[in-house]
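All chains are named by letter (A, B, ...) in the order of the sequence lines, taking the proteins before the strands, and each is independently numbered beginning at 1.
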Amino acid sequence: MSLPATDRPYFRSRHLEFIVVGVLLLLLTVIFPLLNAHGLLSDFTITLWGKYLCYALLAISVDLLWGYTGLLSLGQALFFSLGGYMFGMYLMLQIGMLGSYAKSGQNPNGLPDFMVFLGHTFLPPFWRPFQSFGFSVLMVFVIPGLLALAFGFLAFRSRIKGVYFSILTQALTYGAALMFFRNDFTMGGNNGFTDFKLILGHSLVDNDTGPATMRGLFIASALVLLTVCLFCHWLNGTKFGLVRQAIRDGENRVLFSGYATANFKLFVFVVAAFIAAVGGALFVPQAGIINPDQMTPDKSIEAVVWVAVGGRGTLIGPIIGAISINALRSWATQAYPDSWLIILGLIFLLVVLFLPGGMVSLPGKIKALRKSQGKPVEPAVARA
Amino acid sequence: MVWKSFRPLLLCTLVVGVGLLADVRAMAAPETARATIVRAILTSDDAQKHTIINSLIGQGDEAIREIFTAWRQDNLYIYTAPNGAKIPVELTGDKDADGTQAAVRVDSGEPLKDASGQPLRLVAKQLTAVEHDASLRRVMKNVVDLLDLGSPLPAKRLRAVQTIGFAQKADKLPVLEARTGIETDTEIKKELREAIALIHLADPDDGVKIKALVVLQELHNSSSYDLINALRAKAEKDNKPAVTAAAHSALLAIDHHRSVVKFFGTLFRGLSAGSVLLVVALGLAITFGLMGVINMAHGEMITVGAYATYITQNVFGAGMNFTLPFIKIAIHLPGLHLTGWAYQLYFLVAIPIGFLSAALVGIALERSVIRFLYRRPLESLLATFGVSLILQQMFKLTFGSNNVNVDSPVYLSSNWTVFDVTFDWNRVFVIGFAVVIVFGVWLALTKTPLGLLIRCVMQNRMMASCMGVRTERVNMLTFGLGSGLAGLAGVFVTQLGTVGPSMGQEYIVDSFMTVVVGGVGSIFGTVVSALGIGLTDQSLQQILLNPVLGKILVLLAIILFLQWRPTGLFSARSRSLD
């Protein structure tokens, strides 16, 4: 799994890398909202970048598993959407009497609109606690965490690894998406949750106060991302972090050295689920919608590609990858709507074939190329 | 010139000749329905009229319905010919300025002509109308109701018997009993017995009812369920234990029969669903199981096969035009404009075309992408997913994002019904095809030189290479074979599902699961797991009445199954760790 020398990341020291990431994120946290408050940056851009930061969280969760532990999970979009759905339930209940059915007097109990549409007259019991912000935030962690714990326990106990792990997580995501597509699951079916109005009493849609709320959400996303980076940086330095990378590079050796690799993997899997879920929870109020389309295996694979493009096994790689690919998407779906999927597919292909270390390894490659140009060409015999 | 002047004369002779012939035939044959009706019209005695009309019962001539309709709508008149003969006619068509209408003879259905052979047009007011009263109309309606019983088409007779049975009218009994004697079709005979029993159910006598129930119990046809159920409820209310008990046991027999039919139906559907899964997964069992390549574009190979079928169909028909995206090359495929059986053969031609086109796309994919990734299976997953996105978008841009229509050939669009279990030909075909393909793959892998090479390269690529096997070529051909099998699957999913740019995605997760459950590297395991998953899926659908929930449960069951056998049902044993 270890990469050839020219594909290694640019940064010599992981501390230097963390400092660069930290400073950049801090600047983002301060500068973007300031510019926006003074009208130099549009509200649209702030929301867009807020979403990019949430995607970066998803990418970090993939990197934690794939880049550092060698587990290619195709279920991270599931945890991301589950977090989003949990927080979305809170946001749906906040709409209350502001919904379109309530306005026309057809919804005396303040149910979410889709339930009225499906003929419900009272709130299903499991929805009720989601009136509380605290409980919803708790559930953002508990539900994806429990699912990851149960699935990870079963998978790692029977030593499912490599591509089998990928295929199983893909099937899990597929099954969950099928379930959320159903109307009688009372999670909004096809259309999911949308049309949010309030978060903690602040309006998300009001022309005057809306942008300030969005700014707040942007700052929150950036700070969470910073915290997650700090956590990952700390984890990489611990003995735990080293064992984890050893599992990636030679699981059997670690196993025979007396480490219960399944427990290590399970821990990382649950932590990654937490990170993805928080990303999802922050994503939903900024995107204004969550539906089962976000939950498909395709979305998981896309997140893996962000990591591959940025550079796996690094801290900065997934962030760069998530932001650059999504920025490219925002531009290309406008400029070349027909070709966007082909561009994305080509990026998949080219990165895997020619740039396994991702964008982070580019400077190193260029340097190596320059060095070899200065030297005389090695005789071909030496290679053979 | 001479010929031209003789032509009218010749024509006249011909017409007269044909007319004479027709007359001779009519005399030889028994009296036609039309002639009987003419006799009825010209009879003045009402009772005799009814008898004559009733004698028509059991005949299937459609003319009876037409004439009786005209009669009841007051369109029949009696025309008195110059020689005094009375000819009943039907006046049809619009009235012209003088109020005349075209006249059609009731006895022949031909236009009424005068002595010189010109069609006559008559005025309704100058003729004697053929009259009818309420009792006559009732008699006519009865004849029309029973008309289909005598129809030459068995399907029509069957439906007529059923309708009469469900109406439960005792006055129809003699007709049905008479029909039982004439009828030769066994299925209609059975239906006649049922109809008679159903009419007996409405009989006031309990003994007759119980006898009828015994017959119905023996026939256990589920269409009589509702009537029997209603009878049981009524008998219970009226406190008639004997009738209730007979009805109850008849219902039990029907229920039992229903569950047996349902069981075999589910078994059959499960087998055919498993066969689809099998053919889709078989290609994957080769590329993934034997070669270790995660080909996420496998679903698109299925799509290639399906679109190849679509194109073949169009070439056999009217031809088609499409433009390749980006390079903007317009392609015109001329059509062969075939019809009938020649056109129906397109599906058989599409089978090799689907295989070859998918195999070629597969080989191109192997040469350009996959051969660089044999040591990095996880990355082959990402790269081939990229390929899958590109191919899907290409299909969308070439053939449009809507589903396209692939016709079912005649020989696949009917069904057999054996003991009430329906066997659709397309599903039977899928099962048979799967058997042939599995056998073919087994032969190819174990009995051919290429199969030997494939197996040795897959076991130890390095060693095979050292022995002089051209591993690169074997890889290419193996991948081509796997993709070609997906193409074959694509050809016949056109008969079961929709054909569109993203159709491959429906199968990809299922087929990966099939290979994993069967045991990676084992073709036999794939066969067993495909049939197992297909059957489980269909049974759960029947039990839960909910396809999605069934699918989710199957996925859960697979995850739990892998706890028990992490390497699948039949895995290659090896002492190596990874």
Side-chain angles (χ1 to χ4, degrees), chain A residues 1 66 70-72 74 150-151 153-155 157-179 181-182 184-185 250-252 255-256 296-298 301-302 304-305 307-308 338-354 356, chain B residues 288 292-294 296-297 325-326 368-370 372-373 376-394 396-397 502 505 508-513 515-516 520 546-556 558-568 576-578:
Chain A
M1 267 289 170
W66 184 43
L71 291 168
L72 180 54
L74 300 185
F151 181 81
F153 174 76
L154 291 176
R157 195 185 69 110
S158 53
R159 292 209 211 155
I160 290 170
K161 54 190 163 189
V163 290
Y164 306 104
F165 182 72
S166 309
I167 291 170
L168 269 190
T169 46
Q170 184 193 26
L172 178 76
T173 313
Y174 181 64
L178 285 181
M179 200 140 85
F181 267 119
R182 291 170 53 79
D184 50 11
F185 195 55
E251 185 170 353
N252 285 325
L255 196 62
F256 294 141
T296 52
D298 295 18
I301 301 183
E302 228 188 286
V304 174
V305 171
V307 177
D338 278 347
S339 325
W340 160 243
L341 280 176
I342 293 177
I343 297 173
L344 187 67
L346 281 177
I347 293 174
F348 274 56
L349 269 179
L350 296 179
V351 166
V352 169
L353 288 177
F354 301 112
Chain B
F288 172 44
V293 174
I294 313 293
M296 296 295 282
F326 300 110
S368 57
V369 178
I370 288 168
F372 303 110
L373 299 171
R376 298 188 279 163
L378 283 182
E379 268 126 292
S380 74
L381 188 157
L382 295 180
T384 51
F385 186 76
V387 173
S388 143
L389 284 184
I390 295 173
L391 285 177
Q392 276 182 51
Q393 189 65 19
M394 286 291 191
K396 211 173 274 179
L397 293 178
S502 310
Q505 297 297 307
I508 191 79
V509 174
D510 285 347
S511 41
F512 268 114
M513 298 311 282
V515 176
V516 170
V520 175
N546 184 334
V548 177
L549 211 57
K551 204 158 189 132
I552 294 168
L553 278 181
V554 169
L555 289 175
L556 272 180
I558 290 173
I559 291 172
L560 290 176
F561 170 81
L562 290 175
Q563 292 301 301
W564 173 51
R565 290 194 90 120
T567 50
S576 71
L577 251 175
D578 278 322

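Listed by chain and residue number, Glu379(B) satisfy the salt bridge (Lys or Arg N to Asp or Glu O under 4.0 Å) test with Arg376(B) (two or more places apart in sequence, or in another chain). Residues meeting the side-chain contact (heavy atoms from CB on, under 4.5 Å) test with Leu178(A), sequence neighbours left out: Tyr174(A), Val548(B), Lys551(B), Ile552(B).
In this structure, CD1 on Ile558(B) lies 8.5 Å from CG on Leu168(A), to the nearest 0.5 angstrom. Taken to the nearest 0.5 Å, the CG atom of Leu346(A) stands 4.0 Å off from the CD1 atom of Ile390(B). We find the CE-CG distance between Met394(B) and Asp338(A) to be 11.0 Å, quoted to the nearest 0.5 Å. Note that the CG atom of Asp298(A) and the OG atom of Ser388(B) stand 7.0 Å from one another [nearest 0.5 Å]. Atom CD of residue Gln505(B) and atom OG1 of residue Thr296(A) lie 9.5 Å apart, to the nearest 0.5 angstrom.
When Ile160(A), Val304(A), Leu349(A) are compared by the number of non-hydrogen pairs under 4.5 Å with chain B, Leu349(A) comes out ahead. The most heavy-atom pairs under 4.5 Å with chain B, out of Ile301(A), Leu72(A), Leu172(A), come from Ile301(A). In terms of non-hydrogen atom pairs under 4.5 Å with chain A, the most contact-rich of Trp564(B), Phe372(B), Phe385(B) is Phe385(B).
Ile347(A) does not touch chain B: none of its heavy atoms, backbone or side chain, sits under 4.5 Å away. In this structure, chain B has a heavy atom under 4.5 Å from the side chain of Phe151(A), while its backbone stays farther away. For chain A, the nearby part of Val516(B) is the side chain; its heavy atoms alone come within less than 4.5 Å. Using a 4.5 Å cut-off between heavy atoms, Ala176(A) does not touch chain B at all.
Considering all non-hydrogen atoms of both residues, Leu555(B) and Ala171(A) come closest at CD1-O, 3.6 Å. Considering all non-hydrogen atoms of both residues, Phe348(A) and Leu382(B) come closest at CD2-O, 3.1 Å. Closest of all the heavy-atom pairs between Leu341(A) and Gln393(B) is CD1-OE1, 3.2 Å. Closest heavy-atom contact between Leu389(B) and Leu344(A): CD1-CD2, 3.7 Å.
Leu562(B) has its side chain out of reach of Leu154(A): every pair of non-hydrogen atoms, C-beta onward, lies at least 4.5 Å apart. No side-chain heavy atom of Val515(B) sits less than 4.5 Å from a side-chain heavy atom of Ile167(A). For the pair Ile294(B)/Ser166(A), no side-chain contact is recorded, criterion being any heavy-atom separation below 4.5 Å from C-beta on.
Atom CZ of Phe561(B) is surrounded by more than 12 heavy atoms from other residues, nucleotides or ligands within 6.0 Å.
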